[in-house]
Amino acid sequence: MRRLASFLSFVFHPVFIPVFFILFLLYVHPIHFLGYTDQQKKIVLLQSIALFTFFPLVTVTLLKALGFISSIQLKEQKDRIIPLVASGIWYFWIWYVWKNLPGQPPITIHYALGVWLSSVAALMLNTKFKISLHAIALGTTLGMLLWMVFHERLFFGVWLSVALLITGLVSSARLLVGEHRPAEVYWGLLTGSLSVVLAAFFV
């Protein structure tokens, strides 16, 4: 069970979850990227991979190589400070780029802003306790999906069920591997969800 929990924690790592959501919007959702060519979709996907995943991973790897953090898994609160600041820069960047691109689907701008706000909240809350970054990423994405459920005339039953299942499994996995206490996971889910709500006022 611990091996399965570790596997789920890796597959649904915070740097991968936003890309999964963008993939859902690009290739599953019938509206937001309607009319986009395959080439245009690939550009959006590459932007997502670069700024949500690649640059944050490179940053953490360099910090470990230079001795600024003790582990790339960021198990200690102090190890999370610089990576959260750096990731916040990348997240702000993709939000700013998308916000100023003509024709960019508003849902992606909303989501990117929610991700950035959640990273800022994570940095502040990290000074108090070891909040679950997995739970924050899951909460942000689940919150965005719930927002879409209430604002779009589409049937999201299957995908909402899948999102809830993944959120429950990964949250449980973080507890099973002993990385977090329940309160740290609950706070992460709440923080991510509230970040999406707050982002809605600025989009």
Side-chain angles (χ1 to χ4, degrees), residues 1-29 44-61 71-75 79-80 83-84 86-88 90-91 94 107-108 110-112 114-119 121-123 125-126 130-149 156-196 199:
M1 289 298 292
R2 288 180 64 86
R3 288 182 179 180
L4 177 59
S6 297
F7 175 76
L8 288 172
S9 296
F10 173 77
V11 172
F12 295 100
H13 192 277
V15 297
F16 299 140
I17 291 175
V19 175
F20 293 155
F21 184 71
I22 296 301
L23 280 169
F24 166 74
L25 294 178
L26 284 168
Y27 297 106
V28 178
H29 197 284
V44 174
L45 179 58
L46 288 174
Q47 290 171 338
S48 303
I49 293 172
L51 292 166
F52 285 130
T53 306
F54 179 74
F55 286 134
L57 285 177
V58 169
T59 300
V60 171
T61 302
S71 170
I72 61 173
Q73 295 180 328
L74 308 180
K75 292 187 175 183
D79 286 341
R80 296 170 163 216
L84 282 172
S87 295
W90 307 131
Y91 299 156
I94 193 168
I107 195 71
T108 60
H110 184 172
Y111 181 66
V115 171
W116 177 65
L117 290 174
S118 71
S119 71
L123 179 62
L125 291 171
N126 184 69
K130 186 186 172 185
I131 191 168
S132 172
L133 301 181
H134 282 77
I136 288 180
L138 291 165
T140 303
T141 304
L142 181 59
M144 190 74 256
L145 189 58
L146 285 170
W147 182 271
M148 293 163 63
V149 168
F156 283 91
V158 174
W159 289 103
L160 183 59
S161 298
V162 170
L164 288 168
L165 177 62
I166 292 173
T167 300
L169 288 174
V170 178
S171 298
S172 299
R174 301 308 292 160
L175 298 176
L176 185 59
V177 297
E179 291 293 337
H180 294 286
R181 299 189 300 270
E184 295 168 342
V185 172
Y186 298 148
W187 270 105
L189 294 172
L190 179 62
T191 300
S193 300
L194 290 179
S195 296
V196 169

Checklist entry - Which residues satisfy the side-chain hydrogen bond (donor to acceptor under 3.5 Å, both in side chains) test with Thr141, sequence neighbours excluded? => result Tyr111

Checklist entry - Is the side chain of Ser87 donor-acceptor paired with the backbone N or O of Leu84 at a distance under 3.5 Å, no angle test? => result no

Checklist entry - Just how far is it from atom CG of Leu189 to atom OG of Ser132, taken to the nearest 0.5 Å? => result 7.5 Å

Item to check | Nearest-0.5 Å distance, CE of residue Met144 to CD1 of residue Ile107 | outcome: 3.5 Å

Item to check | By ring pair (Phe, Tyr, Trp, His ring centres under 6.0 Å) - contacts of His110 (at least two apart) | outcome: Trp147

Next on the checklist: Tell me which pairs pass salt bridge (charged side-chain N to carboxylate O under 4.0 Å, His left out) where either residue lies in residues 156-170, with sequence neighbours left out.
Outcome noted: none

Next on the checklist: Going by side chain to side chain contact (heavy atoms under 4.5 Å, CB included), name the residues that satisfy it together with Ala121, two or more places apart in sequence or in a different chain.
Outcome noted: Thr191

Checklist entry - If you measure from CD1 on Ile22 to NE2 on His29, what distance do you get to the nearest 0.5 Å? => result 12.0 Å

Next on the checklist: Within the 4.5 Å heavy-atom criterion, are Arg80 and Leu123 side-chain neighbours or not?
Outcome noted: no

Checklist outcome for this item: Rounded to the nearest 0.5 angstrom, the NZ-CG distance for Lys130 and Leu125 is 15.0 Å

Checklist entry - Is there a side-chain contact between Phe16 and Val11, using heavy atoms and a 4.5 Å cut-off? => result no

Checklist entry - Between Ser118 and Ile136, is there a donor-acceptor pair closer than 3.5 Å when you use the side chain of the first and the backbone of the second? => result no

Item to check | side-chain hydrogen bond (donor to acceptor under 3.5 Å, both in side chains): pairs with one or both residues in residues 6-16, sequence neighbours excluded | outcome: Ser9-Arg174

Next on the checklist: In the structure I gave you, are the side-chain heavy atoms of Leu25 and Met148 within less than 4.5 Å of one another anywhere?
Outcome noted: yes

Checklist entry - Who are the side chain to side chain contact (heavy atoms under 4.5 Å, CB included) partners of Ile166, not counting sequence neighbours? => result Phe12, Leu138, Val162, Val170

Checklist outcome for this item: Scanning both residues in full, the closest heavy-atom pair of His180 with Val185 reads CB-CG2, 4.0 Å

Item to check | Heavy-atom pair with the smallest gap, counting every atom of Ser161 and Gly157 | outcome: OG-O, 2.8 Å

Checklist entry - Which atom names give the shortest non-hydrogen contact between Ala122 and Ile131, and what distance separates them? => result O-CG2, 4.3 Å

Checklist entry - Which residues pass the side chain to side chain contact (heavy atoms under 4.5 Å, CB included) test with Leu146, sequence neighbours left out? => result Leu142, Leu160

Next on the checklist: Do Leu145 and Phe24 make a side-chain contact, defined as non-hydrogen atoms from C-beta onward lying under 4.5 Å apart?
Outcome noted: yes

Checklist entry - What is the minimum heavy-atom distance between Gly114 and Ser195, and which atoms define it? => result O-CB, 3.5 Å

Next on the checklist: As an exercise, state the distance from CG of Leu176 to CG of Leu8, rounded to the nearest 0.5 Å.
Outcome noted: 10.0 Å

Next on the checklist: Applying side-chain hydrogen bond (donor to acceptor under 3.5 Å, both in side chains), can you list everything that pairs with Asn126, at least two apart in sequence or on another chain?
Outcome noted: none

Checklist outcome for this item: With sequence neighbours left out, the residues meeting side-chain hydrogen bond (donor to acceptor under 3.5 Å, both in side chains) with Thr108 are Gln104

Checklist outcome for this item: Heavy-atom nearest pair, Ala5 first then Val177, reads CB-CG1, 3.5 Å

Checklist entry - What are the two closest non-hydrogen atoms of Val60 and Pro83, and how far apart are they? => result CG2-CB, 4.0 Å

Item to check | Residue pairs fulfilling side-chain hydrogen bond (donor to acceptor under 3.5 Å, both in side chains) with at least one residue in residues 14-24, sequence neighbours excluded | outcome: none

Please table the atom pairs, donor to acceptor, closer than 3.5 Å between any side-chain atom in residues 45-59 and protein atoms at least two apart or in another chain.
unit_1	atom_1	unit_2	atom_2	d
Gln47	OE1	Trp98	NE1	2.8
Ser48	OG	Val44	O	2.9
Thr53	OG1	Val15	O	2.5
Thr59	OG1	Phe55	O	2.7
Thr59	OG1	Trp90	NE1	3.2

Next on the checklist: Tell me whether the count of non-hydrogen atoms from other residues, nucleotides or ligands lying under 6.0 Å of CZ in Phe10 goes above 12.
Outcome noted: no

